[in-house]
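Atoms within each ligand, like the ligands themselves, are counted from 1 in listed order. Treat the numbers as computed from the prediction; the structure is a model and nothing was measured.
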Amino acid sequence: MDQSNRSSIIISILLNQELEFVGDADRLNQVLVNLVANAIKFSEPDSRIVVAASENADHVRVEVRDTGRGVPDHLKQSVFERFKQVDPGDAAKRKGTGLGLAISKAIVEKHGRAIGVEDNRSQSHDAKKGSVFWFTLPKADEKVSADEA
Ligand SMILES: Nc1ncnc2c1ncn2[C@@H]1O[C@H](COP(=O)(O)OP(=O)(O)OP(=O)(O)O)[C@@H](O)[C@H]1O
Ligand SMILES: [Mg+2]
């Protein structure tokens, strides 16, 4: 078999603790799948993608970090609009319709939270920074214990 077209991607999942959030599992899975698929699509072969989740008092935050070509500042809002692609060649070359992020935004906003993209600054060398696509979700209700009341 010809191996020359094969490429690999390393996906690291960072979870320090079990996080619980409220939402429609199928829909939220769709958001995560789209962000990971995008990260793979817009990264070089053999690069690393990190999926991480954390929480604060108000929400759970999930992020997908890549070291790919990144999203220019002036398109950081509009990539979440339907059919908006950074490069007009993305539709054909990268096989996409430009709907994934618009659908993801609608799903996350239906859960009352937000989605966005930032530059990936976690790289020590700034040759190719890539992007961090993040979204937040409502935390599962916590019972306040008698000790804390
Ligand atoms: N991780 C990323 N790095 C760089 N650019 C990205 C990344 N994710 C998305 N983009 C840019 O945003 C555009 C919109 O993404 P979106 O997921 O909506 O569409 P798509 O992946 O092109 O098509 P679809 O998701 O409908 O198959 C992409 O075409 C690409 O130009
Ligand atoms: Mg997509």
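Which of Val86, Thr67, Ile40 comes nearest to atom 11 (C) of ligand 1 through a heavy atom is settled by distance: it is Val86. Comparing Gly96, Ala39, Ala102, Ser131 by heavy-atom distance to atom 27 (O) of ligand 1, the nearest is Gly96.
At least one N or O atom of Leu101, backbone or side chain, sits closer than 3.5 Å to an N or O atom of ligand 1. Between Gly100 and ligand 1, at least one pair of N/O atoms sits closer than 3.5 Å. Note: no N/O pair closer than 3.5 Å links Lys84 and ligand 1 by distance alone. On a distance-only criterion, Gly98 and ligand 1 share at least one N/O pair closer than 3.5 Å.
Among protein heavy atoms, atom 28 (C) of ligand 1 sits closest to Phe42 CZ, 3.6 Å. Closest protein heavy atom to atom 12 (O) of ligand 1: Val79 CG1, 3.6 Å. Nearest protein heavy-atom neighbour of atom 17 (O) of ligand 1: Asn38 ND2, 2.8 Å. Looking only at protein heavy atoms, the nearest one to atom 29 (O) of ligand 1 is Gln85 CG, 3.1 Å. With hydrogens left out, the protein atom closest to atom 1 (N) of ligand 1 is Asp66 OD2, 2.9 Å, a heavy atom. At the shortest separation from atom 26 (O) of ligand 1 among protein heavy atoms lies Thr97 OG1, 2.6 Å. If you check which protein heavy atom lies closest to atom 31 (O) of ligand 1, you get Asp90 OD2, 2.6 Å. Taking atom 2 (C) of ligand 1 as the reference point, the nearest protein heavy-atom neighbour is Phe133 CE1, 3.6 Å.
Taking CZ from Arg65 and CZ from Arg121, the interatomic distance works out to 13.5 Å, rounded to the nearest 0.5 Å. One distance of note links CZ of Phe83 with OG1 of Thr97; it measures 6.5 Å at 0.5 Å rounding. Atom CZ of residue Arg48 and atom OG of residue Ser43 lie 12.5 Å apart, to the nearest 0.5 angstrom.
Side-chain N or O atoms of Lys139 include one that pairs as donor or acceptor with a backbone N or O of Asn56 at under 3.5 Å. Under a 3.5 Å cut-off, the side chain of His111 and the backbone N or O of Asp24 do form a donor-acceptor pair. Distance alone, capped at 3.5 Å, places no donor-acceptor pair between the Asp66 side chain and the Ile49 backbone.
Checked for salt-bridge contact, Asp58 and Arg113 meet the test: a charged N lies under 4.0 Å from a carboxylate O.
Residue Gly70 places a heavy atom under 4.0 Å from ligand 1.
Of all heavy-atom pairs between Val86 and Arg69, the closest is CB-NH2, 3.5 Å.
Every atom of ligand 1 is numbered from 1 in the order shown, and the set under 4.0 Å from a heavy atom of Lys41 is 20 (P), 21 (O), 22 (O), 23 (O), 27 (O). For ligand 1, the atoms lying closer than 4.0 Å to a non-hydrogen atom of Asn34 are 17 (O), 25 (O). Using a 4.0 Å cut-off to heavy atoms of Arg69, the atoms of ligand 1 that qualify are 30 (C), 31 (O).
The hydrophobic clustering, which links ILVMFWY residues whose side-chain heavy atoms are closer than 4.5 Å, places Phe133 and Leu15 together.
Screening Ile103, Val108, Leu75, Leu101 for a side chain to side chain contact (heavy atoms under 4.5 Å, CB included) with Phe80, the sole residue that qualifies is Leu101.
Between the OD1 atom of Asn34 and the OD1 atom of Asn38, the angle centred on the Mg ion (ligand 2) amounts to 100° when rounded to 10°.
Around the CD atom of Gln77, the shell of radius 6.0 Å holds no more than 12 heavy atoms that belong to other residues, nucleotides or ligands.
Using modelled atom types and a 3.5 Å distance limit, the side chains of Asp46 and Ser8 yield a donor-acceptor pair.
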